[in-house]
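Report on one structure; see the data block that follows.
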Amino acid sequence: MNNVVTQKKVFLETYGCQMNEYDSELVRSILKKENYEFVTDEFKADIVMLNTCAIREHAHRKVYGRVHNIRNARGEDSPVMIGILGCMATNLRQELLEDRSLKIDFIAGPDSYKRLPQLINEAFDEGQKSYDITLSEFETYSDIYPSGEDRDKHETKSRVNAWIAVMRGCNNFCTFCVVPYTRGRERSRSPENVVEEVRRLAGEGYKQITLLGQNVNSYRYDDYDFAYLMDEVSKVDGIERIRFSSPHPKDFPDRFLDLMAENPKICKHIHLPLQAGNNRILDMMNRTYTNEEFLMLADKIKKKIPGVALSTDIIVGFPTETDNEFDDTLEVVKKVEFNVAFMFKYSERQGTIATKKYPDDVAPAIKTERITRLIELQREITYKKNKELVGSIQTVLLEPYPEAKNTNQMPGRTDGNVLVILPLGDYKGGDLIQVNITDATPHALKAMPIKNTCNFLPTPAFKG
Ligand code: SAM
Ligand code: SF4
């Protein structure tokens with residue numbers, strides 16, 4: 001390998017979902033083995049790579065703006081190379097390479113990261129634009145185990161939560177969604193392989209594992225399903241909590257819900273993406289469930305897992321959605337009372353079924369009006385759910401002290417994933433402690449530690 005190339009400095013910026021965060025960890029692992037150095041100051045980098053998201057128009061525009069911004073900041077004559085990774089790479093290769101103002105040097109899709117050293121070399125040595133956006137039916141990166149160092153961002157060591165992709169791709173083809181086109185077909189890693197990665201992470205001090213997949217609960221490897229995988233992961237010593245994201249409502253067998261109820265390491269939190277509450281719109285979205293089935297599932301989950309926290313994703317203004325149909329979404333939100341909701345205006349994505357079949361005909365002002373109403377409703381529900389926890393005792397996993405903020409507060413998360421703020425004390429990120437919830441805001445809980453359950457020795461100063 002060419003020495004000049006292998007000593008290059010790389011600045012990697014990640015957009016979008018947790019899966020992209022994990023993919024960036026894979027990329028660090030792959031390139032570090034080839035002697036690339038990762039830097040946190042983009043002006044010191046020979047190569048700037050953006051790991052992109054294509055899920056909504058907004059994410060897409062941000063990346064275009066960022067590339068122009070890098071080129072402007074580094075100047076016309078700068079030799080800095082720019083590479084585009086991730087979902088935008090797959091569905092916008094042509095556009096990205098042909099846009100002369102962007103001057104993109106190389107492009108790698110989500111299944112091509114092992115080829116990055118070669119793509120970079122081609123761009124450096126031959127000065128040609130190089131790309132690989134092939135989608136694989138098999139690539140799961142199961143032979144790459146990103147270490148704690150590969151996972152550290154901004155030079156802070158945060159050995160509390162680690163993401164692990166257990167499956168990749170999606171076969172569902174919801175009509176609004178670009179993921180099946182940018183990330184290809186579903187494929188899963190073997191349970192042994194996932195457990196091996198978890199063991200390594202436990203050995204490095206990680207306390208929480210979040211299992212990831214575009215459609216994580218449709219995980220299947222031979223006869224092993226997601227319930228089996230979760231159970232196996234929970235047996236790894238040192239791991240205190242397990243979370244998962246993002247599931248689809250169609251894959252919640254009773255066996256899995258029973259396991260969640262019984263297994264203390266599996267957090268009692270389910271992200272249950274609703275998308276819409278009206279049956280005609282759900283059908284047009286190809287979500288494969290009705291309003292009634294969704295409500296029944298939410299009810300069953302609440303009965304089987306007492307105290308469970310539910311979160312969701314909702315899209316407003318899908319093509320042809322009327323005011324009355326949007327009201328159906330509000331009704332489901334009121335009935336289920338999600339603890340948290342991620343709410344989006346519908347955004348047309350290139351190549352999707354909805355883009356081909358349904359004109360984006362809900363006016364922007366109506367989308368804005370609907371999302372404003374929805375956000376307001378959800379804000380009240382979140383606040384109510386938070387207030388219900390005041391006076392309770394919760395087990396909290398402390399997050400790393402946010403050094404950059406230099407505050408006198410320590411963040412943590414309840415089992416249900418609610419943010420908890422504690423005063424500084426003789427504890428640190430990664431500790432699992434019991435607390436009394438003393439107050440609630442619409443976004444977080446305030447708490448005091450229970451001294452006799454966590455060896456709490458009050459100290460006025462942070463002991464990080
Ligand atoms: N797999 C998950 C599921 O089944 O719901 C969703 C994952 S998707 C990557 C994240 C969220 O982005 C979706 O749940 C949806 O709410 C939102 N989203 C996807 N495509 C969108 C679009 N075209 N416009 C607006 N929001 C979109
Ligand atoms: Fe997209 Fe999720 Fe539907 Fe798959 S299940 S197509 S990732 S919204």
Side-chain angles (χ1 to χ4, degrees), residues 14-23 51-61 86-88 90-91 110 135 163 165-187 210-219 226 244-252 270-277 281-289 293-294 297-298 310-319 321 326 329 332-333 338 340-362 364 367-368 370-371 374-375 378:
T14 310
Y15 294 79
C17 62
Q18 297 158 348
M19 188 64 125
N20 262 12
E21 290 289 348
Y22 180 74
D23 280 359
N51 190 1
T52 62
C53 169
I55 201 84
R56 285 173 291 276
E57 178 66 23
H58 176 66
H60 173 143
R61 269 205 313 267
C87 290
M88 263 178 78
T90 324
N91 76 333
L135 288 176
W163 321 109
V166 299
M167 57 84 70
R168 301 174 76 87
C170 181
N171 292 347
N172 287 338
F173 289 94
C174 300
T175 58
F176 53 80
C177 185
V178 79
V179 167
Y181 309 94
T182 59
R183 288 188 167 265
R185 297 290 66 75
E186 283 176 13
R187 61 223 109 108
T210 306
L211 303 182
L212 298 178
Q214 265 77 39
N215 202 14
V216 72
N217 52 340
S218 70
Y219 172 92
F226 193 54
F244 56 97
S245 183
S246 198
H248 189 290
K250 75 179 170 57
D251 288 318
F252 276 107
I270 295 184
H271 185 66
L272 203 61
L274 168 66
Q275 310 300 0
I281 299 295
L282 283 170
D283 187 43
M284 284 174 75
M285 286 177 163
N286 191 30
R287 286 297 288 182
T288 70
Y289 50 82
E293 285 164 345
F294 187 94
L297 175 63
L310 294 177
S311 56
T312 197
D313 290 345
I314 297 172
I315 298 177
V316 307
F318 187 79
E321 184 188 64
F326 171 65
T329 299
V332 177
V333 169
F338 299 103
V340 172
F342 300 91
M343 297 158 277
F344 312 104
K345 295 180 196 172
Y346 171 70
S347 145
E348 205 167 50
R349 308 312 298 134
Q350 191 172 307
T352 59
I353 299 163
T355 298
K356 288 177 192 151
K357 282 174 70 175
Y358 314 124
D360 182 11
D361 60 358
V362 177
K367 285 182 189 167
T368 302
R370 286 183 193 162
I371 203 165
L374 182 60
I375 289 171
Q378 184 55 49

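In listed order, ligands and their atoms are each counted from 1.
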**Request:** Examine the side chains of Ser245 and His271 and answer whether a donor and an acceptor come within less than 3.5 Å of each other.
**Result:** no

**Prompt:** Mind checking what makes side chain to side chain contact (heavy atoms under 4.5 Å, CB included) contact with Thr210, not counting sequence neighbours?
**Reply:** Asn161, Trp163, Gln208, Leu212, Arg243

**Asked** Does Ile371 have any side chain to side chain contact (heavy atoms under 4.5 Å, CB included) partners at least two apart in sequence or in another chain, and if so, which?
**Response** Val316, Met343, Lys345, Ile375

**Request:** Using atom types as modelled and distance alone, determine if a side-chain donor or acceptor of Lys250 lies under 3.5 Å from a backbone N or O of Tyr289.
**Result:** no

**Asked** Side chains of Asn217 and Phe252: does their closest heavy-atom pair fall under 4.5 Å?
**Response** yes

**Within the 4.0 Å heavy-atom sphere of ligand 2, strictly under, residues** = Cys170, Asn172, Phe173, Cys174, Phe176, Cys177, Val179, Pro180, Gln214, His248, Arg287

**Candidates Arg287, Arg56, Met284 - the one meeting side chain to side chain contact (heavy atoms under 4.5 Å, CB included) with Phe176** = Arg287

**Message:** Please report the interatomic distance CG(Leu211) to OH(Tyr22), rounded to the nearest 0.5 Å.
**Reply:** 10.5 Å

**Request:** Before accepting this row, confirm whether a basic side-chain N of the pair Arg183/Asp23 lies closer than 4.0 Å to the acidic partner's carboxylate O.
**Result:** yes

Could you check ligand 1 for N or O atoms lying under 3.5 Å from protein N or O atoms and list the pairs with distances?
residue	atom	partner	partner atom	Å
ligand 1	1 (N)	Gln214	O	2.7
ligand 1	4 (O)	Arg287	NH1	3.1
ligand 1	5 (O)	Gln275	NE2	2.9
ligand 1	5 (O)	Arg287	NH1	3.3
ligand 1	5 (O)	Arg287	NH2	3.3
ligand 1	12 (O)	Arg56	NH1	2.9
ligand 1	14 (O)	Gln275	NE2	2.7
ligand 1	14 (O)	Asp313	OD2	2.6
ligand 1	16 (O)	Gln275	OE1	2.8
ligand 1	23 (N)	Phe176	O	3.0
ligand 1	23 (N)	Ser347	O	2.7
ligand 1	24 (N)	Ser347	N	3.0

**Asked** Under 6.0 Å between the ring centres of Tyr181 and Phe173?
**Response** yes

